[in-house]
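Note that ligands are numbered from 1 as they come in the structure, with each ligand's atoms numbered from 1 the same way.
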Amino acid sequence: KAKSAGRDSYAFYSQELTAQAQQRVEMVSALRVALERDQLRVHYQPIRRLADGRLIGFEALVRWEHPERGLVSPGEFLPVAEDSGLIGGIDVWVLERACRQIQQWLEQGHELDFVAVNLSCRLFRRTELEGQVARVLAATGLPPGYLELEITESAVMEDPDTAEALLSRLRQLGVRLAIDDFGTGYSSLQRLKRLPVHKLKIDQSFVRGLPADQNDIAIARAVTALGHSLGLAVLAEGIETADQATFLRDLGCEYGQGYLFSRPVPAEEVERLWSPV
Ligand code: C2E
Ligand code: MG
Ligand code: MG
Ligand code: MG
């Protein structure tokens, strides 16, 4: 009896795996179609200086406007895109879109310091990345200093030598570099000290518990101090309350982004904020 139950549950388990694999295959082909039919969108989340609330830039975040499912978040389709190799095309598309967009906003006279674009760790390992970035900058006419590239701490630490070399080459292009999701990726401080980056982004998981949680306080304070002692700017992600913003500002964290200020929104909505109605 036990044996047959075991076999049944095995059969059930493998059926479930097959269903999952099937879903992935379907998602990959749907994503290909999405790229062809222009179903991807870029939303922009404002980044503010905590001292005075000044808008300094935006982070570009990809979404998939699925004809039946509506807006699909990157957490759902980027892992599949990474596995299937489609991610490179997506990231370069987002990069080009975002550079064009900020260039347009600058030409309209808006004072912005940068647009931040995320790079997947897979793209990041490709050696031709700096050539692609250079081509997008040339094609859009955006001065390199207005582009900030975000690489997660765990992507860097997965292959630190390659990452360091690539970051150095990117830096030579004149772009800005930020370490994303900092605090989740087990950085070696020795390594961090050598990375040619400009900014650390404190992961939102450490912001959530502020200003009450003692562990989050300790981590936010330590990361801010670490960043500053390495000469880096520090930004906190996922700020949802005014108390969190005040607390981080008082710690000396310079920049912030989060639902308190705004959710990521389409470019038209950013423009509606600016243009007098
Ligand atoms: P990330 O780069 O760390 O981006 C921050 C994420 O936190 C975004 O989720 C943003 O919508 C969300 N967020 C912002 N403020 C708040 C807040 O106050 N509270 C909470 N709970 N969340 C907040 P999103 O847009 O779903 O993106 C998730 C991740 O997907 C990003 O994390 C990034 O790693 C990746 N991603 C997004 N767009 C791209 C892209 O174009 N290329 C690549 N390679 N990765 C991307
Ligand atoms: Mg990011
Ligand atoms: Mg992050
Ligand atoms: Mg993240």
Side-chain angles (χ1 to χ4, degrees), residues 31 34-35 39-48 50 57-65 70-102 114-126 129 132-133 136 147-156 158 176-185 197-210 216 220 223 234-245 247-248 253 255-267 269:
L31 255 181
L35 277 164
Q39 292 171 356
L40 296 185
R41 304 285 174 261
V42 180
H43 285 191
Y44 297 88
Q45 185 173 41
I47 294 175
R48 294 188 178 274
L50 292 177
F58 292 93
E59 178 172 2
L61 294 156
V62 71
R63 272 94 183 90
W64 176 7
E65 202 172 290
L71 272 195
V72 184
S73 71
E76 265 188 79
F77 66 89
L78 288 184
V80 177
E82 290 246 0
D83 288 350
S84 61
L86 288 172
I87 187 71
I90 295 177
D91 274 358
V92 172
W93 181 85
V94 172
L95 179 68
E96 177 147 14
R97 257 314 161 88
C99 287
R100 246 180 239 298
Q101 185 60 72
I102 186 145
F114 64 93
V115 67
V117 176
N118 294 282
L119 295 181
S120 83
C121 62
R122 196 191 241 237
L123 183 69
F124 186 58
R125 272 192 239 105
R126 284 200 339 217
L129 178 62
Q132 256 161 345
V133 173
V136 169
L147 174 62
E148 185 162 291
L149 296 174
E150 298 190 359
I151 302 97
T152 65
E153 184 191 21
S154 31
V156 171
E158 211 167 278
R176 302 147 64 111
L177 300 168
I179 304 288
D180 204 354
D181 301 351
F182 191 80
T184 61
V197 300
H198 301 79
K199 188 181 281 170
L200 292 185
K201 299 187 76 171
I202 304 177
D203 190 66
Q204 57 189 55
S205 60
F206 307 115
V207 172
R208 207 164 297 143
L210 298 179
D216 287 351
V223 171
V234 180
L235 175 150
E237 298 189 284
I239 299 178
E240 295 186 355
T241 70
D243 281 352
Q244 289 169 342
F247 187 86
L248 286 157
C253 174
Y255 306 112
Q257 70 186 97
Y259 297 166
L260 172 67
F261 305 122
S262 169
R263 289 184 180 257
V265 293
E269 231 165 281

Ligand 1 atoms nearer than 4.0 angstrom to some heavy atom of E240 are 17 (C), 18 (O), 19 (N), 20 (C), 21 (N)
Please determine, by modelled atom types, if D203 and S205 share a side-chain donor-acceptor pair under 3.5 angstrom.
yes
With respect to the Mg ion (ligand 3), what is the nearest N, O or S atom of D181?
OD1
Sub-4.0 Å atoms of ligand 1 with respect to non-hydrogen atoms of L119
44 (N)
Mind running side-chain contact (heavy atoms from CB on, under 4.5 Å) on R63 and F77 for me, showing each step along the way?
CA-CA 9 Å; R63 272 94 183 90; F77 66 89; 5.6 Å; no
Closest heavy-atom pair, A236 versus C253, reported as atoms and distance to 0.1 Å, is N-SG, 3.7 Å
From the list V42, I102, I47, side chain to side chain contact (heavy atoms under 4.5 Å, CB included) partner of V115 resolves to I102
Part of E237 with heavy atoms under 4.0 Å of ligand 1, whether side chain, backbone, both or neither:
side chain
With a 4.5 Å heavy-atom cut-off, do D243 and L210 have their side chains touching?
no
Regarding ligand 1, does V62 bring an N or O atom to under 3.5 Å of one of the ligand's N or O atoms?
yes
Can you tell if the side chain of H43 reaches within under 4.5 Å of the side chain of L71, non-hydrogen atoms only?
yes
Proximal atoms of ligand 1 relative to P74 (non-hydrogen, under 4.0 Å):
24 (P), 25 (O), 26 (O), 27 (O), 28 (C), 30 (O), 37 (C)
Q204, portion touching ligand 1 at heavy-atom distance under 4.0 Å:
side chain
Atom pair CD1/CG of I87 and L31 - distance to nearest 0.5 Å:
9.0 Å
Side chain, backbone, both or neither: which applies to L260 and ligand 1 if a contact is any heavy-atom pair less than 4.0 Å apart?
neither
Residue part near ligand 1, for I90, under 4.0 Å between non-hydrogen atoms
neither
If you count the atoms of ligand 1 from 1 in the order shown, which ones are under 4.0 Å from a heavy atom of V94?
41 (O)
Counting heavy atoms only, which part of D203 comes closer than 4.0 Å to ligand 1: side chain, backbone, both or neither?
neither
Passing option when L95 is tested against L149, I90, N118, L119 for side chain to side chain contact (heavy atoms under 4.5 Å, CB included):
L149
Where's the contact between Q45 and ligand 1, heavy-atom distance under 4.0 Å: side chain, backbone, both or neither?
side chain
Need the ligand 1 atom indices (1-based, order shown) with element for anything under 4.0 Å from a heavy-atom of S120.
44 (N)
Donor-acceptor side-chain pairing of Q257 and Q45 below 3.5 angstrom
yes
Going by heavy atoms, is H43 under 4.0 Å from ligand 1?
no
Backbone or side chain, does any N or O of D91 fall under 3.5 Å from an N or O of ligand 1?
yes
Can G75 be said to touch ligand 1, with heavy atoms closer than 4.0 Å?
no
Considering the heavy atoms of P264, write down every atom of ligand 1 situated less than 4.0 Å from one of them.
11 (O)
Check each heavy atom of R263 against ligand 1 and say whether those closer than 4.0 Å belong to the side chain, the backbone, both or neither.
neither
Exam field: side chain D216 to backbone G209, donor-acceptor pair closer than 3.5 Å:
yes
Tell me, do L50 and I239 make a side-chain contact under 4.5 Å, heavy atoms counted?
yes
Are any of the N/O atoms on T152, whether in the backbone or the side chain, positioned under 3.5 angstrom from an N/O atom of ligand 1?
no
Apex the Mg ion (ligand 2); atoms N118 OD1 and E150 OE1; angle rounded to 10 degrees
90°
Output the list of atoms in ligand 1 that are nearer than 4.0 Å to some heavy atom of D180, sorted by atom number.
1 (P), 2 (O), 3 (O)
May I ask you to test the K201-F182 pair for a side-chain heavy-atom distance under 4.5 Å?
no
Vertex the Mg ion (ligand 2): angle to OE2 of E59 and OD2 of D180, to 10°?
180°
Salt-bridge criterion met for R176 and E150 (N-O under 4.0 Å)
no
Polar contact flag for S73 and ligand 1 (N/O pairs, less than 3.5 Å)
no
Quiz question: by atom type and distance under 3.5 Å, do the side chains of D181 and Q204 form a donor-acceptor pair?
no
